[in-house]
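See below for the structure under consideration.
Chain naming here is simple, since letters A, B, ... match the order of the sequence lines and numbering starts at 1 in each.
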Protein chains: 2
Amino acid sequence: MAASVKEVAALAGVSVGTVSNVLNRPDHVKAATVEKVRAAIEELGYVPNAAAQQLRVGRSHSLALVVLDVSNPFFTDVARGAEARAEEEGLTVFLANSDESPEREARHLDVFERQRVSGVLITPAEDDFARLEELRRRGIPVVLVDRGADQPRFASVSVDDVAGGGLAAQHLLDTGRTRLAFVGGPLRIGQVADRFRGASDAVRAHHGGTIQLFGTDEMSLEEGRRAGEALRPLVREGRIDGVVAANDLLAIGVERAMLFGDDPIRVPDEVAIVGYDDISFAASAVVPITSVRQPRGLIGATAVELMLEEASRAKGEAPRHVVFAPDLVVRESTGR
Amino acid sequence: MAASVKEVAALAGVSVGTVSNVLNRPDHVKAATVEKVRAAIEELGYVPNAAAQQLRVGRSHSLALVVLDVSNPFFTDVARGAEARAEEEGLTVFLANSDESPEREARHLDVFERQRVSGVLITPAEDDFARLEELRRRGIPVVLVDRGADQPRFASVSVDDVAGGGLAAQHLLDTGRTRLAFVGGPLRIGQVADRFRGASDAVRAHHGGTIQLFGTDEMSLEEGRRAGEALRPLVREGRIDGVVAANDLLAIGVERAMLFGDDPIRVPDEVAIVGYDDISFAASAVVPITSVRQPRGLIGATAVELMLEEASRAKGEAPRHVVFAPDLVVRESTGR
DNA sequence: GAACAATCCTGAATCGTTTCACGATGACGT
DNA sequence: ACGTCATCGTGAAACGATTCAGGATTGTTC
């Protein structure tokens with residue numbers, strides 16, 4: 001069906017090798033010949049067969065990005081950053097969604113391994129690195145994304161969640177709130193634990209500050225609302241004046257619980273709220289929410305960077321770990 | 001680096017043909033041999049090279065899904081549906097994001113054509129079908145997603161937006177609201193125009209109903225809020241008692257404008273609101289919002305179906321168009 | 001035990017590209 | 001006019017899997 005170099009060569013009256021040269025090193029070929037070949041390519045609508053190229057060259061000009069949830073803006077921004085950086089290298093990014101399912105993740109990895117992608121950037125659904133070890137042993141560079149700063153065996157790029165939690169709490173302390181609540185959970189999620197630790201440390205370092213943990217089962221708007229209801233009386237009694245939420249959905253939920261119902265609690269006057277992730281809904285909440293922002297695009301770009309490094313890393317060298325510092329986007333929910 | 005059939009064959013003491021047979025038609029091979037080969041595959045960690053397979057077989061067991069925005073839940077659900085259906089056929093779905101940019105779209109299509117994907121499912125960023133025609137001429141089936149029910153030359157799967165607009169308005173009429181407003185725009189977006197037309201038709205068919213258009217520049221929460229502010233006095237004066245929004249973000253914005261500020265307007269008592277798309281935020285709005293839902297997973301699955309049909313469609317047959325009817329999810333924002 | 005069939009396996013050809021050693025051509029200096 | 005160099009182009013080999021005509025082996029039947 002589709003034309004091949006052979007047909008192009010025949011039409012242009014040259015050999016297949018020359019067609020290939022026109023495509024890959026036009027300067028090695030006389031201008032007139034280049035023109036002839038280009039014309040033939042045009043006429044036949046020739047499109048190189050990636051499979052043949054890859055078979056010959058051994059590598060595919062593509063890399064895989066396996067994320068937990070494509071509909072999460074965090075990951076789509078990471079993907080955008082990765083695509084931009086990859087494009088500079090002439091690499092295509094295949095985006096795959098594991099939906100937090102180890103089975104789906106495994107299926108995707110299988111496909112990508114058969115595809116001989118030149119690297120895998122992944123946020124693993126579980127803490128089981130056996131499959132990834134295997135991939136690496138077989139020569140496919142692996143980079144952990146938003147995970148694994150503590151994994152000596154893999155390169156990784158992540159964000160310092162302890163620092164992020166600290167940033168959120170410190171901001172509240174700096175603006176005069178001293179009786180804080182941390183809303184988030186479950187604590188077995190590393191990110192949540194780190195954010196809580198960072199917040200606690202900041203409060204401990206501040207003379208006279210306190211922080212209470214309000215655990216949640218998941219990081220949803222509904223759970224945030226529930227936690228907010230529980231917080232209401234404490235705020236009324238003056239025992240809580242600032243809330244650090246482990247993500248923005250929780251923060252929005254907490255804010256709603258405060259604002260609604262009879263006897264509304266004013267934000268930020270009676271209670272200030274800080275979220276985490278800086279999703280677009282944080283900025284367009286009823287009272288726009290201050291939030292901790294992660295450098296998402298940069299994370300993606302760096303992951304590609306590390307992947308390239310891994311590809312050429314010497315046996316002895318240790319994989320590199322990049323940890324970014326988050327920053328704070330201040331909005332009305334903590335204003336005065 | 002990676003092992004090939006040849007090495008597996010050598011280790012198992014058989015020919016390459018036999019290894020291939022073990023992989024593809026195990027029943028043509030003696031059980032004992034199968035065992036030997038399997039063991040060799042295991043030992044070498046052999047993974048078939050997709051490029052070589054594809055080169056030989058001619059087709060790639062993959063298809064492309066090019067969407068306008070991966071972070072839009074509509075498309076991620078479509079993708080999920082497509083993946084599920086594709087998997088049944090042993091096909092892998094490559095998800096690509098055009099970000100509404102024709103250039104990015106073109107780049108992706110180039111890559112996919114080189115990859116010889118067995119089909120392209122796409123929501124085009126523009127109404128320029130030249131590139132898609134070309135793809136099809138070169139033997140790659142193309143299916144338009146959420147577009148092109150009016151394109152005689154391409155198969156398509158979409159949702160009846162006229163019916164959806166009608167559904168929304170009819171529901172308001174049925175629950176006793178007769179003085180409606182339609183919020184949405186710009187009207188040059190086909191979907192918006194269709195939804196408005198559907199709503200208008202329903203109102204016109206209802207004795208004594210009216211509907212006013214409130215145009216917006218985009219379909220965002222902020223624009224919804226703006227429109228809501230403009231609607232407030234009309235609601236107060238009793239000249240509007242129901243709102244049909246062209247999407248859920250607008251509906252949420254309108255709701256906020258009603259609910260907040262001094263002198264809140266009660267939803268649904270004073271004004272009822274219907275959104276469109278049924279995004280998760282619609283259900284978790286302050287007053288959960290009634291919304292028109294599209295069968296997203298089904299759209300994806302059907303797109304794959306049509307792609308398969310296209311692949312085997314005879315020259316004379318016309319491409320098929322599937323149009324789904326949306327349905328209504330009733331929530332408190334239109335309750336009594 | 002010869003003839004024949006069934007079963008199992010082999011090995012070469014093939015897909016489309018890139019690569020590379022080497023041949024052809026022409027230009028230049030002497 | 002001849003050797004020397006560049007410059008261009010050629011054509012075959014290679015990548016790894018699949019396919020298929022046909023060879024080898026085993027089993028069955030009279």
>> Looking at Asp27(A), I'd like to know if its CG atom is crowded, meaning that more than 12 non-hydrogen atoms belonging to other residues, nucleotides or ligands lie closer than 6.0 Å.
In response: yes

> Val14(B) or Ala50(A): which one's nearest nucleotide on DNA chain C is closer to the 5' end?
Replying inline: Val14(B)

> Does Tyr46(B) put a side-chain nitrogen or oxygen below 4.0 Å from OP1 or OP2 of dA17(D)?
Replying inline: yes

>> Is it the case that the side chain of Glu113(A) and the backbone of Ile140(A) share a donor-acceptor pair, with hydrogens and angles ignored and the cut-off at 3.5 Å?
In response: no

>> Using whole Å, what does the distance between atom P of nucleotide dG16(D) and atom CZ of Arg114(A) come to?
In response: 16 Å

>> Expressed as a whole number of angstroms, how long is the span from Gln54(B):CD to dA17(D):P?
In response: 14 Å

>> On DNA chain C, does the nearest nucleotide to Ser15(B) precede the nearest nucleotide to Arg116(B) from the 5' side, or the other way round? Give the residue.
In response: Ser15(B)

> Rounding to a whole Å, what distance do you find between Arg59(A):CZ and dT17(C):C1'?
Replying inline: 15 Å

> Are more than 12 heavy atoms from other residues, nucleotides or ligands located less than 6.0 Å from atom CZ of Arg104(B)?
Replying inline: yes

> Do the side-chain N or O atoms of Gln53(B) get closer than 4.0 angstrom to the phosphate oxygens (OP1, OP2) of dT18(D)?
Replying inline: yes

> Looking at residues 18-34 of chain B, who's got a heavy atom less than 4.0 Å off DNA chain C?
Replying inline: Thr18(B), Val29(B), Lys30(B), Thr33(B)

> Between atom CG in Leu44(A) and atom P in dT17(C), what is the gap in whole Å?
Replying inline: 12 Å

>> Is it the case that atom CD in Glu88(B) sees more than 12 heavy atoms from other parts of the structure closer than 6.0 Å?
In response: yes

> In whole Å, what is the span from the CG atom of Leu55(A) to the P atom of dT18(C)?
Replying inline: 11 Å

> Around atom CZ of Arg313(B), are there more than 12 heavy atoms of other residues, nucleotides or ligands at under 6.0 Å?
Replying inline: yes

> Counting only heavy atoms not in Asp150(A), do more than 12 sit closer than 6.0 Å to its CG atom?
Replying inline: yes

> Does the side chain of Phe154(B) reach to within under 4.5 Å of the side chain of Arg136(B), using non-hydrogen atoms?
Replying inline: yes

>> Out of the candidates Asn21(B), Thr18(B), Val19(B), only one should pair with Thr33(B) under the side chain to side chain contact (heavy atoms under 4.5 Å, CB included) rule; please name it.
In response: Thr18(B)

Between the protein and nucleotides 22-28 of chain D, which nitrogen or oxygen pairs come in under 3.5 angstrom?
none

>> Given 3.5 Å as the limit, does a donor-acceptor pair link the side chain of His321(A) with the main chain of Gln151(A), or not?
In response: yes

> Can you find a donor-acceptor N/O pair under 3.5 angstrom joining the side chain of Arg56(B) to the base of dT18(D)?
Replying inline: yes

